[in-house]
There are 2 protein chains.
Amino acid sequence: MATGRTHRPATRSRGIPEATVARLPLYLRALTALSERSVPTVSSEELAAAAGVNSAKLRKDFSYLGSYGTRGVGYDVEYLVYQISRELGLTQDWPVVIVGIGNLGAALAGYGGFASRGFRVAALIDADPAMTGKPVAGIPVQHSDDLERIIEEDGVSIGVIATPAGVAQQVCDRLVAAGVTSILNFAPTVLSVPDGVDVRKVDLSIELQILAFHEQRKAGEEAGAESAVLPPAPAPYQAPETDAASASGDAAGGKGGRKGPDGDVPAVMPA
Amino acid sequence: MATGRTHRPATRSRGIPEATVARLPLYLRALTALSERSVPTVSSEELAAAAGVNSAKLRKDFSYLGSYGTRGVGYDVEYLVYQISRELGLTQDWPVVIVGIGNLGAALAGYGGFASRGFRVAALIDADPAMTGKPVAGIPVQHSDDLERIIEEDGVSIGVIATPAGVAQQVCDRLVAAGVTSILNFAPTVLSVPDGVDVRKVDLSIELQILAFHEQRKAGEEAGAESAVLPPAPAPYQAPETDAASASGDAAGGKGGRKGPDGDVPAVMPA
DNA sequence: CAGTGTGAATATTTTCACAGCA
DNA sequence: TGCTGTGAAAATATTCACACTG
């Protein structure tokens, strides 16, 4: 029941904007560092600098949580650590399973920051029988046959998928069926999940591609900063080798009429 | 020269909104999959579904690139793959160095999607002399003493930092000094870089914390979906054990006046 | 009087809805 | 007729600037 009531309202939580939620962990980390150095208070300016944002944004963000500062002074570090932790739900600890103990899964299992704040690696799961029982980062790998049992027994609600893309969806389905409602996906695939399940994605090559885009822009900026509205690259479009289907007459036809900035490419034309 | 001219305008590139740039890799991946299955054309609806976004957004995104579709038909897959690749700068290939070959660095080195589209691992670099020469994912690790030489010789402009947080900033500084202008940072630290250098961050524990936030909300939603505007958790604030500094009289003082939603915590009070 | 908290202004992103074209 | 391309509206997010307060 309760599947798909509203369209997808779960994104926006209470009053706190999603963009703010995404920054809270950042503030928390900066605050934790201050706390370890026994710094009693910080101003929004200082904290913002440590977190890499600007102070107006930080103050606005905090204003959604409540009025936790002291005018003319700043914020009490310990107090704020507590408040943000609570807001993020880190005062309880969350058992997490990692599925797919390859290179990446092993790296995740050994990641210190994982265990440190609020999260506990409840189990490592892999489909390879050769891995079963082998300890990784001190935790024995369990076979994926036991996935459902593990999740239920430990009350796991957060799953991390570090499998190859090909099996990510089916792993996801099993996790969800077993009761997991939040998934962190490292596999380069779009996962489809029912309403009420949150998925966050971490994708290497996407990040690199975004960097490449900006990198390319910088390269094109060498001459004439103002007038440099030239296209990324005038490289010619390589003929698309339409194998089998759609060879004659259809598709790849009327591309001449595009009105993109410029950098026109020769219209497609099968040899 | 050219350091810090404008405040930081580099974020917004040409006409293409940043949010759109961030989705282009997603579209590209979906299109590549279609291309491999020799699908000649897709509608915005189909492609959007494959990429996990809605079709209006996708069409709007594509409209920034130019008019690459055919009304009544859809988009030519090959043609669009080419256009997006070009826009992202993937028609050239980018040599990348990975610094810090621990668990994570090794995982990154072996990540297939890395090499596949436009990126080439030019070098693996680690500070540990015991690693030097050891092949990881088929590539011999080089010592960090050679970092500057490697970057210059290979013309590397993208660096990946997978070191412990403690040394990330100094690695970053060396990369930048040697000519790297885009950095993908896996270390849980805020890097500070000069103007003109792009940093993207991938952070495990931040992602988990965001999931935890939403997870917590779900848990609190059990009864009374409407009226459930209750605070995350009424857990009491643990007295902050102000060691040494600021023990008496100051800080942690006037917290009673906060006007946060509710869930008041007992004011701090040293025993 | 230094520094928070926040309305108001601005900028960006998403969504709608439909004109226009193949 | 079906689907793109896009103005315009709505929703979000960021930034400004300043009243207010400890």
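Values in this document were obtained by computation on a predicted structure and should not be read as measured data. Quick note on labels: first sequence line is chain A, next is B, and so on, each numbered from 1.
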Given DNA chain D, 5'-ward residue of the pair A/Ala19 and A/Arg59, judged by closest heavy atom: A/Ala19

Sugar-phosphate only, base, or nothing, as touched by A/Gly72 at under 4.0 Å among non-hydrogen atoms: base

Residue-phosphate contact under 4.0 Å: B/Asn54 side-chain N/O, C/dT14 OP1/OP2: no

For atom OH of A/Tyr64 and atom C1' of C/dG7, their distance in whole Å: 11 Å

Under-4.0 Å side-chain N/O to phosphate OP1/OP2 contact, A/Tyr75 with C/dG5: yes

Nearest-Å distance for atom pair CD/C1', residues B/Gln83 and D/dG5: 16 Å

Rounded distance (Å) that lies between atom C1' of D/dA19 and atom CZ of A/Arg71: 8 Å

A/Tyr75 ring center near A/Tyr68 ring center (under 6.0 Å): no

Of the listed nucleotides D/dG22, D/dG5, D/dC16, the one nearest the side chain of B/Ser63: D/dG5

From C/dT4, D/dT4, C/dG5, nucleotide with atom closest to A/Ser67 side chain: C/dG5

Under 4.0 angstrom between A/Ser44 side-chain N/O and C/dT4 OP1 or OP2: yes

Phosphate contact (C/dT13 OP1 or OP2) by B/Lys57 side-chain N/O below 4.0 Å: no

B/Thr20 side chain vs B/Ile16 backbone, donor-acceptor pair below 3.5 Å: no

Candidate pair A/Ser205 and B/Arg29, rule side chain to side chain donor-acceptor pair (under 3.5 Å), full reasoning: CA-CA 10 Å; A/Ser205 69; B/Arg29 174 175 296 153; 3.2 Å; yes

Presence of B/Lys60 side-chain N/O under 4.0 Å of C/dT14 phosphate oxygens OP1/OP2: no

Short side-chain donor-acceptor distance under 3.5 Å, A/Ser35 and A/Glu78: yes

Between C/dG5 (C1') and A/Leu58 (CG): distance, integer Å: 12 Å

Atom CD of A/Glu45: over 12 foreign heavy atoms under 6.0 Å: no

Closest listed nucleotide, where the reference is the side chain of A/Glu18 and the choices are D/dG22, D/dA13, C/dT4: D/dA13

Rounded interatomic separation in angstrom, taking CG from A/Leu47 and P from C/dA2: 20 Å

Rounded interatomic separation in angstrom, taking CG from A/Asp61 and C1' from D/dA13: 10 Å

Phosphate-side-chain proximity, B/Arg23 and C/dT14, N/O vs OP1/OP2 below 4.0 Å: yes

